[in-house]
Amino acid sequence: LTLLVGACTPKVQFDEPMPPSRWNMPNIPKDFRGTFLNEEGEVDMRIGKDTIYDEGEVLVNGEDFLLRRMAGHVVCSLPVPETGHWDVLVLRKEGDDVVFGTFKDDDAFLRRMATLLEVAPERQKSGGTPGYKYTLIRPSAKEFKAMLKERLYKEDDPQPLPRGGTFRP
């Protein structure tokens, strides 16, 4: 679940929150809300109506991240301050579980993006020292929907949905 808080240096970034031209969700869906404990039984993360509390950090929906829906997915877009672009994570319900996904710049993904997208992916380098390389993609809503339907993201193992309760590993 630390996926939601975001990686410091996402290797695939988007030029705008995904999917484009969609409304932001005002609240985190009820099934995703709850308390997540670590293996020692201590609170690891708490997800509320519009807030995620994680290791002393508070993230607010609409300010620190944006949630949108498309093709059976909840899409979380997080700004990347170093580049001005967006890190995009996806969540998909699968029965009583949730599957988290991230976009990775492996060869198969980049080859598929070259054939799927009207605007080809671009290799970029962030500012700062030492900086890092990443791939910038600019999918249309239709192209992003195809990315979701084809599951062109790396999936984590399914985790039980908290559904307002407490999840213990």
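Computation of the quantities below employed the complete heavy-atom set of this structure, encompassing side-chain atoms and omitting hydrogens, waters and symmetry-equivalent molecules.
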For this session: Could you check if a side-chain atom of Arg68 sits within less than 4.5 angstrom of a side-chain atom of Asn24, using non-hydrogen atoms only?
Result: yes
Problem set entry | Backbone of Ser140 reached by a side-chain donor or acceptor of Glu143 within 3.5 Å | yes
Seminar exercise, completed: Note: Asp105 and Leu110 closest approach over all heavy atoms is O-CD1, 3.6 Å
Problem set entry | Leu67 CG to Leu89 CG distance, which is reported to the nearest 0.5 Å | 10.0 Å
Problem set entry | Candidate pair Phe36 and Gln159, rule side chain to side chain contact (heavy atoms under 4.5 Å, CB included), full reasoning | CA-CA 11 Å; Phe36 298 84; Gln159 301 289 326; over 6 Å; no
Seminar exercise, completed: Rounded to the nearest 0.5 Å, the OH atom of Tyr134 sits from the CG atom of Asp87 at a distance of 12.0 Å
For this session: Just say parallel, tilted or perpendicular for the rings of Phe144 and Phe14, cut-offs at 30° and 60°.
Result: perpendicular
For this session: Consider only side-chain heavy atoms of I, L, V, M, F, W and Y, link residues closer than 4.5 Å, and tell whether Leu136 and Tyr132 are in one cluster.
Result: yes
For this session: Begin from the C-alpha positions of Lys154 and Asp106 and carry the test side chain to side chain contact (heavy atoms under 4.5 Å, CB included) through to its verdict.
Result: CA-CA 10 Å; Lys154 271 287 196 244; Asp106 58 32; 3.7 Å; yes
Exercise. Of Val80, Thr135, Val88, which is the lone residue that meets side chain to side chain contact (heavy atoms under 4.5 Å, CB included) with Gln13?
Worked result: Val80
Problem set entry | Atom pair CD1/CG of Ile47 and Asn61 - distance to nearest 0.5 Å | 11.5 Å
Seminar exercise, completed: Value for CG (Leu37) from CE (Met45), rounded to nearest 0.5 Å, stands at 12.0 Å
Exercise. Between the side chain of Ser77 and the main-chain N/O of Leu66, is any donor-acceptor distance below 3.5 Å?
Worked result: no
For this session: Taking the side chain as every heavy atom from C-beta outward, state whether Val43 and Tyr53 have any pair of such atoms under 4.5 Å apart.
Result: no
Seminar exercise, completed: Between the NZ atom in Lys93 and the NE2 atom in His73, the distance rounded to the nearest 0.5 Å is 13.0 Å
Exercise. Hey, are the side chains of Cys76 and Trp86 touching, using non-hydrogen atoms and a 4.5 Å cut-off?
Worked result: no
Exercise. Are the side chain of Thr83 and the backbone of Ser126 linked by a donor-acceptor contact shorter than 3.5 Å?
Worked result: no
For this session: Report yes if some heavy atom in the side chain of Ile137 is under 4.5 Å from a heavy atom in the side chain of Met147; otherwise report no.
Result: yes
Exercise. Can you tell if the side chain of Asp96 reaches within under 4.5 Å of the side chain of Leu161, non-hydrogen atoms only?
Worked result: no
Exercise. In Å and rounded to the nearest 0.5 Å, what is the CG to CD1 distance from Leu59 to Ile52?
Worked result: 5.5 Å
For this session: Evaluate the side-chain proximity of Tyr153 to Arg92: yes if any heavy-atom separation is below 4.5 Å, no if none is.
Result: yes
Problem set entry | Pro162 versus Gly34, closest heavy-atom pair with distance | CB-CA, 3.9 Å
For this session: Evaluate whether atom CD of Glu118 has more than 12 neighbouring non-hydrogen atoms of other residues, nucleotides or ligands under 6.0 angstrom away.
Result: no
Exercise. With a 4.5 Å limit on heavy-atom distance, are the side chains of Arg138 and Glu122 in contact?
Worked result: yes
Exercise. Same cluster for Met70 and Met18 if Ile/Leu/Val/Met/Phe/Trp/Tyr side chains link at under 4.5 Å?
Worked result: yes
For this session: State, with a plain yes or no, whether a side-chain heavy atom of Arg33 is found less than 4.5 Å away from one of Asn27.
Result: yes
Exercise. Going only through I, L, V, M, F, W and Y residues with side-chain contacts under 4.5 Å, is there a path from Leu152 to Leu148?
Worked result: yes
